[in-house]
Amino acid sequence: MTKEQAERIKELRMQGKGYKAAASAVGLSRDIVRNYCRANGMEGYGEAVKLNLQREMAEDIAKPGA
């Protein structure tokens, strides 16, 4: 997996896309995408991941000195 593919997977997951949709978009198997997502805290249903990532980003912005 290239850095570009990894970034694209993260973007797609932030849009609420599932493993299968992300896999099709980057040209990898669903299992590879799923394993990558699990290893990087993006596991679960697409919409839930989207909300969790948005919340984490908001918390990082709100931290003093960030």
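Just so you know, these numbers come straight off a predicted model, no measurement behind them. This chain uses plain numbering: 1 for the first residue, then up along the sequence.
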task = Enter the distance from Tyr19:OH to Leu28:CG here, rounded to the nearest 0.5 Å.
result = 14.5 Å
ask   = Would you say the side-chain atoms of Arg38 pair up with the backbone N or O of Met42, donor to acceptor, closer than 3.5 Å?
value = no
query = What's the shortest heavy-atom distance between Ala22 and Leu12, and which atoms?
reply = CA-CD1, 3.7 Å
task = Inspect the contact between Glu11 and Arg8 and indicate whether a charged nitrogen and a carboxylate oxygen are less than 4.0 angstrom apart.
result = yes
query = At their closest point, which heavy atom of Arg13 faces which heavy atom of Cys37, and how far apart are they?
reply = NE-SG, 3.8 Å
message = Nearest 0.5 Å, please: how far is CZ in Arg30 from OG in Ser24?
response = 11.0 Å
remark   = Value for CD1 (Ile9) from CD (Glu4), rounded to nearest 0.5 Å, stands at 11.5 Å
ask   = Does Met1 CE have over 12 foreign heavy atoms under 6.0 Å away?
value = yes
message = Please evaluate residues Asp31 and Arg34 with respect to the criterion side chain to side chain contact (heavy atoms under 4.5 Å, CB included), reporting the C-alpha separation (whole Å), side-chain torsions for both, the decisive distance (0.1 Å), and the verdict.
response = CA-CA 5 Å; Asp31 290 337; Arg34 185 187 65 216; 3.2 Å; yes
